[in-house]
Every structure is written in C-alpha cells, then in structure tokens.
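The block underneath contains the structure these notes are about, expressed in structure tokens.
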Amino acid sequence: MPKSETEKTVSILRGLNTEQREAVTYTDGPSLILAGAGSGKTRVLTHKIAYLIDRKHVSARNILALTFTNKAAREMHDRISKLIKHQIVDMRCGTFHSFFASLLRRDADKLGFSSNFSIYDERDQQELIKTIVSDNRLDGQKFSPSAISSRIGRLKNNMVSPEKFSESANSEFDEVIAAIYPEYQRRLRQSNAMDFDDLLLKPLELFQQFPEVLAQYQCWWSHILVDEYQDTNRPQYALLKALADQSKNISVVGDDDQSIYRWRGANIRNIWDFEKDFPTCKTFRLEQNYRSTANILAAAHSVITKNSYRMEKELWTKREAGDPLTLLLCQTGSEEAYKIIQKIQNEFYNHKRNFSDFAILYRTNAQSRLLEDALRREGIAYVIVGGLRFYERKEVKDVLAYLRAVCNPSDEVSVKRIINYPLRGIGDTTLQKIHEYCIEHQLSFFQGLERITDIPNIQNRTKERVGEFRYFISKYMTLLNSLSAFELATTLVDELGILPQLKQEGTSEALSRMENVRELLNTVYEYTQRNPQGKLQDFLAEVALITDIDKWDDRSNAVTLMTLHAAKGLEFPVVFIAGLEDGLMPLSRSLDNDDDIDEERRLFYVGATRAMEKLYLSAANERMRYGETIPSKPSRFIGEIDDELMEADTSGVYIPREMYYKPQETEIPVQKRQANKKQMRPGILVRHLQFGKGVVKKVDGHGDDQKLDILFEEVGLKKVVVKYAKLEIL
C-alpha cells in the first residue's frame with residue numbers, strides 16, 4: 001500500500017531533534033538557521049528540501065539550493081534523492097559560481113558575450129594583467145600583476161566599478177589601478193572571458209538592465225536555500241536578495257563563529273543583518289553538537305567567546321567528556337613535526353586507528369614542508385589538500401588551453417599560451433608584433449592570426465607556421481558539434497603528439513606529466529559518462545570552478561595535511577593544529593586590528609571543532625622564517641582555553657607556564673620599535689606610513705645613507721632611505 005501523507009512526513013522527520021524538526025517544517029517565509037559546528041546543518045537542509053518536495057508538493061524545478069563546494073552540492077543532491085526514494089533530476093543544486101555561470105550562458109548575449117565565454121582563473125587573470133602592464137610600459141616589479149589582480153578582486157567584491165574607483169584614487173598605486181582596471185575589463189570582454197568575480201557581478205548587471213529576466217527567475221525559483229551563509233560576499237548577498245524579493249521564501253543556514261573568509265570578500269554582516277533584511281524572518285538555533293567530545297567543545301567555546309561580537313549560542317553534546325586537549329611544547333619547528341608524528345604513531349598502535357583518522361592543520365601552506373619530511377622519513381602515507389592543484393599543472397593547463405581556444409578562439413590568454421606548444425618556431429618577437437598589430441587595429445589576438453599575411457616584418461616561414469596553428473584550431477572548431485567532448489579531446493591530443501613526445505623524453509618528470517595528461521582525458525571521459533549531452537564548454541566551466549576539496553580523495557588511508565581554511569566542513573577523529581604561536585596563528589598582520597584578531601580566533605575555533613575525539617595543539621619556541629631563526633611564544637588563543645581542559649606535554653623542552661597560560665594577564669604589549677640602520681637586515685618585517693607592510697629584501701650602504709629594497713604587500717618593490725622613511729619594525 002502507498003504511504004499516507006502522515007507516514008511520509010514521519011519518515012522525512014525521523015531522527016531529527018526538536019530544533020532541527022522545527023527548522024525543517026517552517027516553509028512560509030524567510031528563516032535563519034544558526035547551526036553551530038557539528039550540529040547537523042546539512043541534515044537540516046536536505047530534510048527541508050525533501051519536506052518541501054514530498055510534503056508541501058513544491059516542484060523540484062522551483063527549488064534552488066546553493067552551497068560553496070561541488071562536493072557539498074553532490075552530497076546534498078544524493079541525500080535528498082534517498083530521502084524521497086527517487087532521483088531528483090530538475091532541481092538546481094550547486095555552487096554560487098557554477099549556478100550563475102550556467103545562468104549567464106543562457107543570457108550572455110544580452111550583455112555582449114557569447115555563450116561559449118571562457119572563465120579565467122587566478123593565473124589567467126595575472127597573465128592578462130601582465131600584458132596590460134607591459135603595454136602601458138609600467139615596471140612589472142614595482143606594480144606586480146598579482147598585487148594588481150588582488151586589488152581589482154577586492155574592488156569587485158565590494159562592487160566598486162572602474163568608473164567609481166577612478167574618482168577616489170589618491171596614491172600612485174591607486175592611479176595605476178584606475179588605469180588598468182577598465183582596460184582589464186575591456187580585454188576580458190574582447191576575449192569573451194569572465195573572471196570568477198564577474199560570474200557574480202554580471203548576473204546583477206543582467207538583472208538591473210533586464211528586469212523581465214529577473215522576474216522570470218523570481219517566478220521560477222520560489223524557494224531558495226543557502227548553505228554556509230556566513231561566507232557570502234556582497235555580490236552574493238545582492239543576488240540572493242534580488243531572487244527572493246518576490247516569494248520571500250529564503251532559508252539560510254550558517255554560523256557566524258565559522259566566518260573565516262573575509263580575506264577573499266566574505267562579509268560577516270550578511271548573517272548578522274539577515275533578520276534586519278527580512279523583518280518577518282524566523283530564527284532557529286541548532287546547538288546540539290553530534291561530532292565532538294564535551295572537552296573539545298568547551299575548549300573551543302572558551303576561545304570563541306573572547307570575540308568582541310557574535311550571535312549568542314553555546315554548543316552542547318550528549319557525548320562523554322573525553323580526553324583533555326594535549327599541548328605539545330617544542331623547541332623548534334623540526335621538533336614539533338617529530339612530536340606530531342610520534343603522537344600519530346602512538347595513536348595508531350595503542351588505539352588501533354587508521355592513518356585516515358588523522359588531520360594536521362596549519363595556518364600557512366609553507367608549514368607543510370617539515371611535516372611532510374617527517375612523515376616521509378617514517379614511511380607514513382599522507383595527502384595534501386591545497387598544494388599544487390591538478391588543473392594548475394603545466395601540461396594539464398596546456399591541454400585545457402587548446403580546448404578553451406577551440407571553444408572560444410577570442411580567448412587571448414589561452415591562444416598565446418599554446419601557439420608555440422609543442423614548439424613551432426613562433427617566438428616572442430613574432431607574438432609581440434602580432435599583439436601590437438591587434439592593438440592598433442582593435443582586433444582579438446586570433447583575428448590577428450587570421451590576418452598574419454598583412455603584418456609586416458615577420459618572415460614568410462614564420463607566417464606559414466602561424467597559419468598552420470590557426471588552421472589546426474579552426475579545424476577542431478568545426479568538429480565541436482559532431483564529436484563528444486571526450487572524442488574531440490583525445491583526437492586533439494593524439495594529433496598534437498604530446499604523449500609520444502613525453503614518453504620519448506623518458507625522465508621520471510616527463511612520465512609523470514604524461515600520466516597527468518592521461519588523467520585529464522580520463523576526467524573528460526567521466527564527464528561525458530555523467531552528462532551524455534554535455535558540451536565541451538560545459539566541461540571546461542566545471543573544471544574552472546573545481547576546488548581543492550572537490551579533488552580530495554577521503555577514501556585513501558593516509559594522514560591529511562591542509563590549511564585551517566581548507567578544513568572547513570570536515571571532521572576527523574584526531575586533529576593536530578600546528579604552529580600555534582603569536583605571529584603565525586594569529587598572523588602578525590592581524591595583531592593590530594581587532595576585526596582581524598576576531599577572524600583568526602574564528603579560524604582557530606573552526607580547526608578545533610573538526611576534532612571528534614582528540615585534539616592536539618602544538619607550538620615552538622623558535623621557528624625558521626625568512627631564512628633566519630625567529631624566537632616565538634605560544635599563541636594567545638592557547639591562553640584563552642580553560643586550564644582544566646588541557647594538559648601540556650613539555651618533554652625535552654622548557655617553556656615557563658606563564659608563557660602559555662593566560663597571556664592576557666602576563667603578556668608584554670607589542671613594542672613599536674623605530675627602525676635604525678643597525679637593526680635592518682633582509683627578512684625584517686616593517687611598516688611604512690604610506691606604503692603599509694612589507695619585508696626587507698636588500699640592504700645597501702652604511703651609516704645615514706643606508707638604502708633598503710622593500711617588497712610591500714600593496715605596492716610591490718620600493719627603494720627607501722632609512723633615515724627618511726620612518727619605518728616601524730613589526
């Protein structure tokens with residue numbers, strides 16, 4: 001017999017606690033679900049969607065679920081299908097960037113783009129900016145493409161247009177940005193390309209210019225659900241507000257205590273102000289934690305409550321108290337790595353754990369080297385999340401650039417990357433002449449290749465090679481609609497002869513690169529199996545938006561190494577947080593700003609609440625930084641943990657108790673030391689009144705005329721004279 005409506009409802013709500021059930025069954029109007037770490041937020045989201053479909057009879061096509069990783073979106077989709085006992089096909093469940101990229105492909109022509117636009121990653125953006133810097137005859141060291149790209153990204157995150165920014169530019173670096181920003185946007189359009197920020201800003205532009213398009217989407221998605229709302233930036237906030245403006249049926253799930261991405265544009269005020277933005281909002285608090293022991297929760301809570309402002313909540317658990325936290329106090333970074341490996345071995349043998357039960361978390365990627373060395377010496381398998389990404393490896397990017405050029409020949413960055421790979425005898429001088437011709441005649445780079453015979457001062461043989469390359473790309477453009485993505489990719493790679501060439505080289509590096517190309521072809525094949533009607537441009541869009549976590553294989557029996565930022569949303573039986581020293585965690589650049597310290601504290605909280613059964617914290621007395629040994633002291637966050645929750649392992653090292661307990665009572669204030677010529681040496685961190693923070697790279701001269709080369713975070717390399725610069729040593 002078919003199930004009754006009541007039986008279906010009971011089935012969907014089974015296993016939920018009271019607060020979770022109330023959040024799931026509230027479906028009329030906006031709701032804010034404050035979900036603490038390990039409180040079952042994904043469970044609530046998936047059950048709420050299943051409840052809407054199965055009990056409230058909302059069509060799956062009218063539901064939009066947005067999250068921040070493809071992995072989370074896939075898991076959510078699979079869980080909902082299991083709950084309602086059939087596969088949901090037409091519900092939109094994906095990341096912000098992938099969803100709005102697909103929306104733009106439908107309506108790109110309205111904004112002057114074609115639907116096959118390329119998506120530029122960070123390196124592509126910097127390559128384009130590098131070209132613009134060169135064209136404007138700017139100093140590439142003084143105004144580095146990475147610094148310019150970063151600044152433009154921050155402006156876009158704050159929804160500041162090139163025109164608006166040019167009105168407020170008040171420094172040399174600002175003037176450079178004001179000149180490059182509009183040209184960067186113009187060349188993106190000329191290349192039929194968008195960067196990651198454009199994938200959020202262009203839909204807003206679309207909605208503002210074409211309100212009928214917005215009205216269609218508002219009607220289409222009558223129920224919107226958002227995961228990790230505390231990580232949204234201002235463009236994401238504006239998009240959600242626009243889409244939900246008619247139905248007001250928007251449910252957001254998040255935790256302000258886990259807002260850790262301010263550096264990439266996330267705005268914690270989005271979750272703080274949600275109740276103000278939607279006055280009829282109903283708020284639910286999920287405070288029962290199902291992940292961690294009581295001691296771990298209490299320790300994390302004792303730290304996070306030191307933040308100047310947070311939405312009130314306190315996690316609790318029915319689990320046992322568990323072991324106290326263990327603080328590993330070490331003399332050096334090398335000893336820290338040794339002690340961590342020793343603890344892993346003890347846990348492995350004494351508690352019969354698998355290596356996959358362990359995660360080592362750290363603040364910066366550079367910290368992984370000593371840990372990797374120690375793991376290799378002991379023969380312990382490990383995997384790094386967030387190292388050199390598969391899709392950023394040279395040989396992989398080369399093949400992807402060919403595929404992107406075939407889909408979008410206007411893509412200047414991709415065409416330039418591959419025009420002489422494999423070697424064709426088309427040198428930089430030729431490329432520069434083509435580039436200058438294109439600038440003069442306002443052509444895309446590929447259009448310049450089509451007119452190669454008209455460009456003077458290029459040898460005829462070189463023109464023939466350029467013509468052969470153009471013909472090669474054009475040939476595969478004609479095959480786009482007749483071959484599947486996998487067939488086209490394999491045929492193209494075969495014709496290029498990349499694999500035989502790498503095999504002939506015979507080195508271990510070449511063989512590794514050959515395997516990477518094969519793995520890329522495997523990825524294209526898997527995509528075509530999942531999406532039989534999928535186009536090559538759709539595969540390229542999916543690849544462009546893959547994150548570190550999406551590629552992490554959590555089934556391998558290996559210790560996981562990752563930054564604290566990358567660990568968000570994961571859990572492990574045993575967690576180590578390494579490098580807990582002031583200046584490293586929290587970072588030195590955060591020490592003089594309360595908002596930055598609060599975010600670093602939230603980052604520690606996220607790391608601590610990844611642990612299910614055992615949490616280790618480690619700190620070193622001294623650490624190698626910038627090529628020299630720097631003394632350090634344990635992080636202030638250690639001192640904020642209640643004494644009874646933690647035990648110290650000081651074997652082989654002496655650190656006075658007052659150095660790691662209650663630093664707010666004994667801590668010596670950071671001294672602002674005026675720089676003088678005797679103190680200055682390469683590696684010293686300084687602050688300049690105008691240029692901000694930087695690191696000394698070179699010291700020239702003696703006495704009062706001593707000159708320094710300083711690499712500043714914002715403005716790049718500058719030369720200053722010590723006696724005039726009024727530098728402050730950090």
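These numbers were taken from a predicted model, which means no experiment stands behind them.
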task: Check the surroundings of atom CG in D594: do more than 12 heavy atoms from other residues, nucleotides or ligands lie under 6.0 Å from it?
output: no
- line: Note: D642 and S302 closest approach over all heavy atoms is N-OG, 3.7 Å
message: side chain to side chain contact (heavy atoms under 4.5 Å, CB included), that's the test. Do T69 and E228 meet it? Break it down for me.
response: CA-CA 10 Å; T69 68; E228 306 284 11; over 6 Å; no
Contact check, side chains of I119 and M194, non-hydrogen atoms, under 4.5 Å: no
message: Taking ring pair (Phe, Tyr, Trp, His ring centres under 6.0 Å) as the definition, give me every residue that meets it alongside Y261, ordered by chain and number, with sequence neighbours left out.
response: H565
field: For the student: nearest non-hydrogen atoms of L570 and M562, plus distance
entry: CD1-CE, 3.5 Å
- request: Taking all non-hydrogen atoms of both residues into account, name the closest pair between A558 and V383 and its distance.
  value: CB-N, 4.1 Å
message: Check this for me, if you would: do E436 and K433 make a salt bridge, where the nitrogen-to-carboxylate-oxygen distance has to be below 4.0 angstrom?
response: no
Donor-acceptor side-chain pairing of D198 and Y120 below 3.5 angstrom: no
- request: Indicate yes or no: does K306 engage D598 in a salt bridge with an N to O separation below 4.0 Å.
  value: no
- request: Verify the distance criterion only: is there a donor paired with an acceptor across the side chains of R154 and S150 at less than 3.5 Å?
  value: yes
- prompt: Would you find more than 12 non-hydrogen atoms of other residues, nucleotides or ligands less than 6.0 Å from Q432 atom CD?
  reply: yes
query: Could you state the interatomic distance from CE (M585) to CD (E600), rounded to the nearest 0.5 Å?
result: 5.0 Å
Side-chain ion pair, D398 and K394, N-O less than 4.0 Å: yes
field: From D121 atom CG to D195 atom CG, the distance as rounded to the nearest 0.5 Å
entry: 10.5 Å
query: To the nearest 0.5 Å, what is the distance between OG1 (T563) and CD1 (I360)?
result: 13.5 Å
message: Parallel, tilted or perpendicular, judged at 30° and 60°: which one describes the rings of Y616 and F576?
response: parallel
message: I want to check a possible cation-pi pair here: R234 against Y237, using under 6.0 Å from ring centre and within 45° of the ring axis as the test.
response: yes
- prompt: Any ion pair linking R636 and D582 (charged N to carboxylate O, less than 4.0 Å)?
  reply: yes
message: Between Y605 and Q258, is there a side-chain donor-acceptor contact under 3.5 Å, judged purely by atom types and distance?
response: no
task: Considering non-hydrogen atoms only, spot the tightest contact between S368 and Y362 and give its length.
output: CB-OH, 3.5 Å
statement: On a heavy-atom basis, the closest approach of L201 and M159 is CD2-CG, 4.0 Å
- prompt: In terms of ring plane angle, is the pair F143 and F173 parallel, tilted or perpendicular, where the classes change at 30° and 60°?
  reply: parallel
- prompt: Can you find a pair of side-chain heavy atoms, one from T95 and one from F68, that are under 4.5 Å apart?
  reply: no
R186 CZ: over 12 foreign heavy atoms closer than 6.0 Å: yes
query: Just wondering, are more than 12 heavy atoms of other shown residues or ligands nearer than 6.0 Å to CZ in F96?
result: yes
message: As a quick check of understanding, evaluate side-chain hydrogen bond (donor to acceptor under 3.5 Å, both in side chains) for E622 and T332, giving each step before the final call.
response: CA-CA 5 Å; E622 58 187 36; T332 65; over 6 Å; no
query: For R376, does the CZ atom sit with more than 12 other heavy atoms under 6.0 Å from it, leaving out its own atoms?
result: yes
message: When you compare the side chains of E336 and S618, does any donor N or O come within less than 3.5 Å of an acceptor on the partner?
response: yes
Test side chain to side chain contact (heavy atoms under 4.5 Å, CB included) applied to V606 and R602, step by step: CA-CA 6 Å; V606 165; R602 291 194 292 269; 5.6 Å; no
field: Side chain proximity check, L200 to H97, heavy atoms < 4.5 angstrom
entry: yes
message: Distance check, rounded to the nearest 0.5 Å: I641 atom CD1 versus L617 atom CG?
response: 5.0 Å
- prompt: What are the two closest heavy atoms between G607 and L564, and how far apart are they?
  reply: CA-CD2, 3.6 Å
message: Could you check whether any side-chain N or O of S414 sits under 3.5 Å from a backbone N or O of D411, counting only pairs where one atom can act as donor and the other as acceptor?
response: no
- prompt: Between N233 and N267, is any side-chain donor less than 3.5 angstrom from a side-chain acceptor?
  reply: no
message: Is it true that Q367 and T364 share a donor-acceptor pair across their side chains at a distance under 3.5 Å?
response: yes
- prompt: Taking 4.0 angstrom as the limit, do R187 and D135 come out as a salt bridge?
  reply: yes
task: Check the pair I271, D255 against side chain to side chain contact (heavy atoms under 4.5 Å, CB included), reporting the backbone distance first and the verdict last.
output: CA-CA 8 Å; I271 192 167; D255 178 11; 5.9 Å; no
field: Carboxylate-amine/guanidinium contact R310 D256, below 4.0 Å
entry: no
message: As an exercise, state the distance from CZ of R404 to NZ of K397, rounded to the nearest 0.5 Å.
response: 6.0 Å
task: Report yes if some heavy atom in the side chain of R363 is under 4.5 Å from a heavy atom in the side chain of I577; otherwise report no.
output: no
message: Tell me whether E127 is salt-bridged to R417, with the criterion being a basic N under 4.0 Å from an acidic carboxylate O.
response: no
message: For F445, does the six-membered ring have the charged nitrogen or CZ of K416 within the cation-pi criterion, i.e. under 6.0 angstrom from the centroid and within 45° of the normal?
response: yes
message: I'd like to know whether R369 forms a salt bridge (charged side-chain N to carboxylate O under 4.0 Å, His left out) with E372, so could you lay out the CA-CA distance, the side-chain angles of the two residues, the decisive distance to 0.1 Å, and finally the verdict.
response: CA-CA 5 Å; R369 184 186 64 81; E372 289 184 73; over 6 Å; no
message: Within the 3.5 Å criterion, strictly below it, is a donor on N270 or T232 matched to an acceptor on the partner's side chain?
response: yes
message: Closer than 3.5 angstrom, by distance alone: can the side chain of N157 be matched with the main-chain N or O of R264 as a donor-acceptor pair?
response: yes
- prompt: From K339 NZ over to S334 OG, what is the distance, rounded to the nearest 0.5 angstrom?
  reply: 13.5 Å
message: Please enumerate all residues that pass ring pair (Phe, Tyr, Trp, His ring centres under 6.0 Å) together with Y181, with sequence neighbours excluded.
response: none
- prompt: Please walk me through it: do I380 and Q345 pass side chain to side chain contact (heavy atoms under 4.5 Å, CB included)?
  reply: CA-CA 9 Å; I380 296 174; Q345 290 171 328; 4.2 Å; yes
message: Does any part of the side chain of L155, heavy atoms only, come nearer than 4.5 Å to the side chain of K164, both counted from C-beta?
response: no
query: Would F572 and F358 count as a ring-ring contact (aromatic ring centres under 6.0 Å, His included) if you check the C-alpha gap in whole Å, the side-chain angles of each, and the deciding distance to 0.1 Å?
result: CA-CA 6 Å; F572 301 88; F358 300 96; 9.7 Å; no
message: Do the side chains of E581 and R623 get close enough for a salt bridge, i.e. N-O under 4.0 angstrom?
response: yes
- prompt: Any chance the side chains of K156 and Q185 put a donor and an acceptor closer than 3.5 Å?
  reply: yes
